[in-house]
Participant: 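Quick one: the structure is below, questions incoming.
Note that this is a predicted model, so its numbers are computed, not measured. Labels below follow one simple rule: chain letters A, B, ... track the order of the sequence lines, proteins then strands, and each chain is numbered from 1.
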Amino acid sequence: MRPPVGVLALQGDVREHVAALTAAGADPRPVRSVADLSGLAGIVLPGGESTTIGKLLVRFDLFEPLRDAIAGGLAAYGTCAGMILLAVGVTEGDQPLLGVLDVVVRRNAFGRQNESFEIDLDVAGLDSPFHAVFIRAPWVAKAGREVEVMAAVDDHPVMVRQGHVLASAFHPELTDDSRLHRLFVEMTR
Amino acid sequence: MERGTTRVKRGLADMLKGGVIMDVVTADQARIAEEAGAVAVMALERVPADIRRQGGVARMADPTKIEEIKDAVTIPVMAKVRIGHFLEAQVLQALGVDFIDESEVLTPADEEHHVDKWAFTTPFVCGARDLGEALRRIGEGAAMIRTKGEAGTGNVVEAVRHMRAMTREIRRLGTLGPEELMAAARDLRAPYELVVEVAETGRLPVVNFAAGGIATPADAALMMALGCDGVFVGSGIFKSSNPPAYARAIVEATTYWQDPEVVAKVSRGLGEAMPGIELEALADTDRLAVRGW
């Protein structure tokens with residue numbers, strides 16, 4: 001059976017995650033309201049602008065139901081902006097954060113768009129490197145004790161897992177490699 | 001580690017999807033835009049409605065202004081260069097803006113050639129009126145397309161015309177056989193390889209936003225319903241009577257365009273929209289969309 005996996009569809013690269021989840025054997029569903037959260041086995045928080053998505057979550061009363069669902073065990077995977085939204089803190093500024101992943105994130109840590117890059121990255125649990133696309137990407141500045149670091153660039157963690165919550169600073173949905181989406185779909189089963 | 005690749009450039013445009021990019025002329029306006037939920041801001045000297053009214057040569061913004069705006073917000077900052085003015089583009093790249101708009105809103109610097117956008121690390125967005133124009137710009141390296149519309153008019157009719165034209169031509173390519181695509185490329189005056197790609201995938205190879213005349217939440221929702229990936233709002237926000245309210249309402253209508261109840265709710269009590277201009281009232285020489293080819 002294809003597990004129903006939501007993709008938060010307020011803003012960002014929703015279409016790419018829908019395609020990657022389909023390739024990974026899930027049944028993806030866009031999430032724009034509280035009602036869309038029911039019956040999901042997992043949820044993806046896509047890339048986009050974390051400030052925009054966070055404000056929309058609050059304004060349309062999705063923030064608390066989403067936080068409670070993930071805190072209550074709903075598997076979650078955040079990429080880039082999604083990673084920021086899952087975090088407990090950011091190093092600078094003030095924005096709505098779900099606080100379900102025990103990391104503090106530095107936004108735009110690698111720089112602005114001219115510093116965006118692609119790289120072959122070793123990821124824990126994969127038998128060959130993953131071609132990772134970083135766009136104005138954050139990194140994890142501080143990780144709690146229960147957080148497993150799965151990948152790093154220049155010693156900065158860029159992929160982490162804490163129980164049923166997975167996050168990457170890069171965008172596997174922008175490549176044809178669906179291994180990380182498959183890993184997440186396995187986490188939803 | 002590779003920088004400035006096509007994937008990285010088009011990828012940033014992907015991250016802007018479903019969002020609103022707002023024209024701003026000061027750091028304060030940039031903060032209002034970010035607070036309202038804009039996904040990016042476009043830093044410029046004057047909004048299109050003022051360029052129209054004041055006339056004269058419209059150029060790239062002052063670097064000081066661009067830097068003030070960059071320092072004021074954490075979202076991506078875009079800025080405009082004149083069509084074909086690759087030196088202005090080099091300056092913007094050196095300033096570290098996140099996206100360069102080679103824009104018909106400014107006075108063109110070259111009537112024959114657009115900028116060779118492959119030569120840059122910074123991605124470019126360009127305006128288009130139809131599929132052929134969009135594919136010519138992508139062929140030159142544009143990582144994102146927007147409709148030209150008719151900037152500074154507060155009148156959405158041209159943006160609708162341009163989006164409908166693109167959609168119609170993309171659909172038509174999908175009905176053609178492989179032997180018909182070379183003639184289609186000739187008729188569209190577009191690179192053959194891109195024509196083949198669009199015929200196979202049924203969409204542009206890059207993100208396509210609406211721009212030029214969007215003034216209300218319903219205008220933004222309309223452009224999303226016509227298949228745009230997101231919306232640029234130029235004069236529509238800071239020439240309205242209540243910019244923070246308009247900015248926020250247009251963001252919300254862009255996300256919830258499929259839900260007319262939300263669009264109705266956010267459209268209530270916004271005050272006066274920017275004053276509009278009938279296209280018939282515009283002399284041909286005052287039309288910005290005809291700049292570039």
Participant: Quick one: what part of A/Glu115 sits under 4.5 Å from any heavy atom of chain B, side chain, backbone, both or neither?
Facilitator: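 A/Glu115 touches chain B through backbone and side-chain heavy atoms alike.
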Participant: B/Gly4, B/Gly96, B/Ala13: which one forms the most heavy-atom pairs within less than 4.5 Å of chain A?
Facilitator: B/Gly96
Participant: Are the side chain of A/Glu49 and the backbone N or O of B/Gly37 linked by a donor-acceptor pair below 3.5 Å?
Facilitator: no
Participant: Determine the option with the most heavy-atom pairs under 4.5 angstrom with chain B, choosing from A/Ile119, A/Thr52, A/Val14, A/Thr175.
Facilitator: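 Ranked by heavy-atom pairs under 4.5 Å with chain B, first place is A/Thr52.
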Participant: Quick check on B/Lys65: does its NZ atom have over 12 non-hydrogen neighbours (other residues, nucleotides or ligands) under 6.0 Å away?
Facilitator: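 Counting other residues, nucleotides and ligands, NZ of B/Lys65 exceeds 12 neighbours.
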Participant: With a 4.5 angstrom heavy-atom cut-off, is it the side chain or the backbone of A/Ser50 that approaches chain B, or both, or neither?
Facilitator: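 Contact with chain B: none, neither part.
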Participant: Can we say B/Lys17 and A/Glu16 salt-bridge, meaning some charged N sits less than 4.0 Å from an Asp/Glu carboxylate O?
Facilitator: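 So B/Lys17 pairs with A/Glu16 through a salt bridge.
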Participant: Counting only heavy atoms not in B/Asp71, do more than 12 fall under 6.0 Å of its CG?
Facilitator: yes
Participant: Mark yes or no for whether A/Ser116, through its side chain, and B/Val8, through its backbone, hold a donor-acceptor pair below 3.5 Å.
Facilitator: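 Side chain of A/Ser116 to backbone of B/Val8: no pair is present.
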Participant: Could B/Asp14 and A/Arg15 be called an ion pair, given the rule that one side-chain N must be under 4.0 Å from one carboxylate O?
Facilitator: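 No, this pair does not count.
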Participant: Given side chains that start at C-beta, do those of A/Asn114 and B/Val97 come closer than 4.5 Å, heavy atoms only?
Facilitator: no
Participant: A side-chain contact here means heavy atoms from C-beta on lying under 4.5 Å apart; do B/Glu2 and A/Val133 qualify?
Facilitator: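 No, side chains not in contact.
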Participant: Return yes when atom CZ of B/Arg203 has more than 12 non-hydrogen atoms of other residues, nucleotides or ligands closer than 6.0 Å, and no otherwise.
Facilitator: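 Result for CZ/B/Arg203: open.
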Participant: Select, from A/Leu56, A/Thr51, A/Val153, A/Asp120, the one with the greatest count of heavy-atom pairs under 4.5 Å involving chain B.
Facilitator: A/Leu56
Participant: Looking at B/Phe238, I'd like to know if its CZ atom is crowded, meaning that more than 12 non-hydrogen atoms belonging to other residues, nucleotides or ligands lie closer than 6.0 Å.
Facilitator: yes
Participant: Any ion pair linking B/Arg3 and A/Glu118 (charged N to carboxylate O, less than 4.0 Å)?
Facilitator: no
Participant: Would you mind checking which part of B/Arg10 comes under 4.5 Å of any heavy atom in chain A, side chain (CB onward), backbone (N, CA, C, O), both or neither?
Facilitator: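 Looking at B/Arg10, nothing touches chain A.
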Participant: Do you know which of A/Gly93, A/Gly12, A/Ala9, A/Ser33 has the most heavy-atom pairs under 4.5 Å to chain B?
Facilitator: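 Ranked by heavy-atom pairs under 4.5 Å with chain B, first place is A/Gly12.
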Participant: Specify the closest pair of heavy atoms between A/Leu174 and B/Arg7, including all atoms of both residues, with the distance to one decimal.
Facilitator: O-CD, 3.5 Å
Participant: Over all heavy atoms of both residues, which pair between B/Asp98 and A/Arg112 is shortest? Give the atoms and the distance, please.
Facilitator: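 Taking B/Asp98 first and A/Arg112 second, the nearest heavy atoms are OD2-NH2, 2.7 Å.
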Participant: Is any side-chain heavy atom of A/Arg32 less than 4.5 Å from a side-chain heavy atom of B/Tyr256?
Facilitator: yes
Participant: Is it true that, when you exclude A/Arg2 itself, more than 12 heavy atoms of the residues, nucleotides or ligands shown sit nearer than 6.0 Å to its CZ?
Facilitator: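 More than 12 heavy atoms, drawn from other residues, nucleotides or ligands, come within 6.0 Å of this atom.
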Participant: Give the member of A/Asn108, A/Ile53, A/Leu10 that has the highest number of heavy-atom pairs under 4.5 Å with chain B.
Facilitator: A/Leu10
Participant: Is the closest side-chain heavy-atom distance between B/Val262 and A/Phe60 below 4.5 Å?
Facilitator: yes
Participant: What residue in B/Thr5, B/Thr74, B/Asp259, B/Leu16 has the most heavy-atom pairs under 4.5 Å with chain A?
Facilitator: B/Thr74
Participant: Do you know which of B/Val207, B/Val20, B/Val39, B/Thr121 has the most heavy-atom pairs with chain A at a distance under 4.5 angstrom?
Facilitator: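 Among the listed options, the one with the most contacts to chain A is B/Val39.
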Participant: Output the option from A/Arg59, A/Glu92, A/His171 having the highest count of non-hydrogen pairs under 4.5 Å with chain B.
Facilitator: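 Looking at each option in turn, the highest pair count goes to A/Arg59.
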Participant: Taking the side chain as everything from C-beta on, heavy atoms only, tell me whether A/Gln113 gets closer than 4.5 Å to B/Pro76.
Facilitator: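 Side-chain contact under 4.5 Å: no.
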Participant: Answer yes or no: does atom CD of B/Glu35 have more than 12 heavy-atom neighbours from other residues, nucleotides or ligands under 6.0 Å?
Facilitator: no
